[in-house]
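Just below is one structure, and these are the notes that go with it.
By convention here, the first residue in the shown sequence is residue 1. Side chains are part of it too, since the values below use all heavy atoms of this structure and drop only hydrogens, waters and symmetry mates.
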Amino acid sequence: MALPNPQPNAPVVPVAPPAPSDFIRDIVAAHVSEHKYPRVHTRFPPEPNGYLHIGHAKSICLNFGIAREFGGVCNLRMDDTNPTKEDIEYVESIQADVNWLIGAWAEDRLGLKQHGKEPEAKSVEGKADFFMPPVFGTSEAERKHSDVKLEPFYASDYFDQIYEFAVALIKKGKAFVCDMTPDQTDEFRRLGKASPFRDRSVEENLDLFTRMKNGEFPDGTRVLRAKIIVDAPNIWLRDPLIYRIKHAEHHQTGAKWCIYPMYDFAHCLSDYIEGITHSICTLEFEVHRPLYDWILESLELARPLPHQYEFARLSLGYTVMSKRKLMQLVDENLVSGWNDPRMPTISGIRRRGVTAEALRNFAYNIGITKYNGVTDVSVLEHAIREDLNKRAQRRLAVLRPIKVVLTNYPEGQVEELNAINNPENPISGGRKIPFTREIYIERDDFQEVPPPKFFRLKPGGEVRLKYAYIIKCEEVIKDAAGNITELRCTADLDSKSGGATAGRKIKGTIHWVSAAHAVDAEVRLYDRLFTVAEPDAEGDFKRHLNPHSLEVISAKCEPSLKEASADERYQFERLAYFTLDYDAKPGHLVFNRTITLKDAWAKEAQKG
Ligand code: ATP
Ligand code: MG
């Protein structure tokens with residue numbers, strides 16, 4: 001819950017949502033009470049092959065949340081074992097996104113390492129005491145007391161150790177070099193057949209593996225495979241690949257390696273090296289767990305070993321979540337980039353104006369279960385509205401203006417009227433807005449032939465201008481083509497707050513801005529990126545792209561918005577929540593619509 005904002009422009013102090021309870025936290029709580037580990041240690045292990053999305057936000061909040069709640073630490077670790085798909089751009093964006101989402105909130109629970117340092121080598125024999133790597137937090141105090149530059153952990157930091165672990169497996173007769181082609185290997189594994197190279201001697205395997213490492217063989221000609229069970233019911237145990245040849249430069253290790261460990265081999269060992277206790281991942285890894293355990297147990301590593309737990313990934317309605325599909329949208333220029341405000345990426349969501357607190361609340365509220373399902377996007381939208389309602393500064397802006405001339409209001413007169421900044425937060429105070437004879441109102445707030453129950457402006461009808469007078473429409477001016485160009489109205493000059501007729505009951509209140517004082521702004525009206533709840537259910541997901549997901553208009557804003565700040569959130573009254581976009585420059589305001597005040601999609605759905 002947000003604390004009251006002491007100054008109108010100060011950021012709201014981040015406060016953790018109440019700790020939720022779920023099956024994973026129950027397990028951790030039991031381990032804590034039986035002192036199973038010296039310290040709870042989780043990790044968030046993104047592969048830097050794309051930007052983080054809202055599904056990752058769920059995983060970040062779970063892993064860091066557990067560290068916070070149980071006095072532990074959560075390492076940020078780049079799971080960087082596939083150099084051809086990875087890039088430093090992604091490494092940097094991941095750090096920025098994690099920092100934005102949980103930085104201020106994680107206190108010193110965020111596990112980072114000293115720049116350029118690898119956690120102490122853990123003996124391959126693994127008989128050492130329980131290992132606790134040094135972890136540097138992000139708390140203000142810790143940063144002050146050391147000049148160390150902090151960075152994430154990298155699986156690639158452990159390539160030397162992981163290589164040694166592979167050698168150890170070979171020596172134990174539990175891994176072999178296989179010369180079959182990738183297609184043959186797939187075929188044999190599918191059929192549960194043994195590779196003809198399975199019974200190579202330890203010496204031959206050691207020799208070939210060394211030569212693989214030394215770059216003697218081209219890509220794809222040989223792999224190192226674990227020797228487990230050729231026809232195991234679980235396909236992941238059918239002599240899985242653990243190392244492959246890839247003559248490719250790595251963004252962290254450069255040209256040092258031409259063989260790289262597979263995810264399954266690198267992941268459990270990285271967890272072990274970092275002293276991870278609870279390795280939490282999504283359900284599709286459940287079938288990999290026997291392999292995770294097999295590797296650690298076969299190497300006879302010191303106990304306690306890390307253990308893997310699985311939960312249901314987040315799938316969100318009206319969007320796609322896989323990095324591969326998001327990359328397609330970027331590469332085919334269907335969005336402006338990974339941080340396009342319509343993208344479900346953390347950077348897109350941030351640019352759109354959603355706060356980290358709203359995203360954390362969402363991640364906490366959806367809960368952690370064992371069952372995959374699609375979360376209704378309205379759950380996310382509710383969390384965003386709830387957060388912005390508390391913090392947004394109210395402003396008047398007209399998106400589709402039509403001019404109104406108040407014929408009985410003195411020409412040249414300017415009144416400064418009082419407006420409230422945020423009725424949800426009295427401390428946020430008020431401001432002055434200028435009122436004059438010529439104003440803009442929203443085109444939609446006038447109807448020449450109004451439907452029944454239209455409580456806004458119509459010919460001969462009255463409406464109240466927010467913070468100002470009651471006006472009456474006397475005349476509609478049109479151009480030669482019949483388009484309305486201007487409305488002539490009269491104002492009840494006693495109807496302002498404090499005036500004799502201020503209490504007069506009028507059904508509608510509309511917003512406005514003074515024409516002479518209005519500042520122009522480019523406004524980007526964003527909507528859902530897809531028109532259906534499950535765009536990737538079948539066929540090409542791109543055919544469900546919403547052609548109206550972005551509309552750019554020029555709006556008229558009250559003059560105080562000239563000083564709009566990117567740290568602030570705004571509600572344009574009666575319309576929606578907005579935030580300043582990165583493209584804004586001095587003299588050129590650009591606002592993103594974060595979200596409308598009400599759910600227009602639900603209304604449409606009701607109408608059928
Ligand atoms: P994608 O499927 O989008 O390509 P990924 O699983 O390949 O994602 P990683 O970078 O490997 O992405 O994910 C890092 C961590 O985030 C993993 O632990 C993974 O289980 C978790 N994660 C990924 N997607 C989701 C999701 N939709 N919901 C919850 N957690 C997720
Ligand atoms: Mg992955």
Side-chain angles (χ1 to χ4, degrees), residues 11-12 14 42-65 67-68 73-80 85-116 135-140 142-143 148-157 251-252 314 321 323 326-327 329-330 335-363 384 387 565-569 579-584 592 594:
V12 175
T42 56
R43 87 284 171 267
F44 172 65
E47 180 175 3
N49 61 355
Y51 280 57
L52 296 182
H53 53 60
I54 188 169
H56 295 115
K58 175 179 179 179
S59 176
I60 295 169
C61 288
L62 174 63
N63 280 295
F64 284 91
R68 274 187 109 246
V73 172
C74 175
N75 287 4
L76 172 59
R77 181 204 309 147
M78 299 296 156
D79 200 351
D80 55 349
K85 293 219 166 130
E86 296 161 8
D87 197 278
I88 198 77
E89 174 193 349
Y90 303 132
V91 171
E92 284 166 5
S93 73
I94 289 169
Q95 291 184 69
D97 289 347
V98 169
N99 198 41
W100 174 76
L101 184 61
I102 55 139
W105 169 74
E107 294 149 2
D108 48 1
R109 302 283 161 211
L110 174 58
L112 298 168
K113 63 162 191 160
Q114 199 169 335
H115 176 64
V135 171
F136 296 88
T138 50
S139 72
E140 203 51 47
E142 254 182 286
R143 260 181 282 144
V148 292
K149 184 168 168 269
L150 301 177
E151 65 174 3
F153 295 88
Y154 293 85
S156 56
D157 285 343
H251 50 99
Q252 302 298 319
L314 170 66
M321 202 76 93
K323 279 188 250 180
L326 296 176
M327 187 168 300
L329 295 175
V330 174
V335 292
S336 67
W338 283 98
N339 72 351
D340 185 301
R342 292 165 292 181
M343 291 280 270
T345 51
I346 294 181
S347 52
I349 290 170
R350 170 166 76 238
R351 181 170 183 182
R352 184 145 167 173
V354 175
T355 68
E357 190 176 357
L359 200 49
R360 291 199 300 265
N361 285 343
F362 167 72
I384 298 171
D387 173 74
S565 149
D567 297 331
E568 199 55 88
R569 299 291 177 272
T579 197
L580 211 55
D581 187 72
Y582 305 161
D583 290 341
N592 293 328
T594 311

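- A distance of 9.5 Å separates CG of Asp340 from OG of Ser347, quoted to the nearest 0.5 Å.
- Within the 4.5 Å cutoff, the side chain of Tyr51 has no heavy atoms near those of the Met327 side chain.
- Residues meeting the side chain to side chain donor-acceptor pair (under 3.5 Å) test with Asp87, sequence neighbours left out: none.
- Of all heavy-atom pairs between Lys113 and Asp157, the closest is NZ-OD2, 2.6 Å.
- In this structure, the separation between CD1 on Ile54 and OG1 on Thr345 is 10.0 Å, given to the nearest 0.5 Å.
- Residues Ile102 and Arg109 fail the side-chain proximity criterion, which asks for heavy atoms closer than 4.5 Å.
- Inter-residue side-chain proximity for Thr355 and Arg360 is flagged as unmet; no heavy-atom pair is nearer than 4.5 Å.
- The shortest non-hydrogen separation linking Asp80 to Ala155 is OD1-N, 3.3 Å.
- A distance of 10.5 Å separates CG in Leu580 from CD in Glu568, rounded to the nearest 0.5 Å.
- Taking 4.5 Å as the limit, some side-chain heavy atom of Leu101 sits within range of a side-chain heavy atom of Cys61.
- When every heavy atom of Ala67 is checked against every heavy atom of Thr42, the shortest pair comes out as CB-OG1, 4.2 Å.
- Not counting sequence neighbours, the partners of Glu86 by the side chain to side chain donor-acceptor pair (under 3.5 Å) test are His251.
- Pairing each heavy atom of Pro48 with each of Ile94, the nearest pair is CA-CD1, 3.7 Å.
- Leu112 contributes atom CG, which lies 7.0 Å from atom CZ of Phe153 (distance to the nearest 0.5 angstrom).
- The two atoms that bring Pro46 and Leu52 nearest to each other are CB-CD2, 3.8 Å, heavy atoms only.
- Every residue meeting the salt bridge (charged side-chain N to carboxylate O under 4.0 Å, His left out) condition with Arg77, not counting sequence neighbours, appears here in chain and number order: Asp271, Glu274.
- With a 4.5 Å cut-off on side-chain heavy atoms, Gln95 and Met78 count as touching.
- Arg352 and Thr579 get closest at one heavy-atom pair: O-CG2, 3.4 Å.
- By the 4.5 Å heavy-atom criterion applied to side chains, Ile346 and Ile60 are counted as neighbours.
- With sequence neighbours left out, the side chain to side chain donor-acceptor pair (under 3.5 Å) criterion links Asn339 to Arg351.
- With sequence neighbours excluded, the residues satisfying side chain to side chain donor-acceptor pair (under 3.5 Å) with Asn49 are Glu47, Lys323.
- Put simply, the side chain of Asn63 gets close to the backbone of Ser59: a donor and an acceptor are under 3.5 Å apart.
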What's the verdict on side-chain contact (heavy atoms from CB on, under 4.5 Å) for Met343 and Val330, showing C-alpha distance, side-chain angles and the deciding distance? CA-CA 10 Å; Met343 291 280 270; Val330 174; 3.7 Å; yes

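- Taking the salt bridge (charged side-chain N to carboxylate O under 4.0 Å, His left out) definition, one finds that Asp97 meets it with Arg350, sequence neighbours left out.
- Side-chain contact check for Val354 versus Phe362: every heavy-atom pair is 4.5 Å or farther apart.
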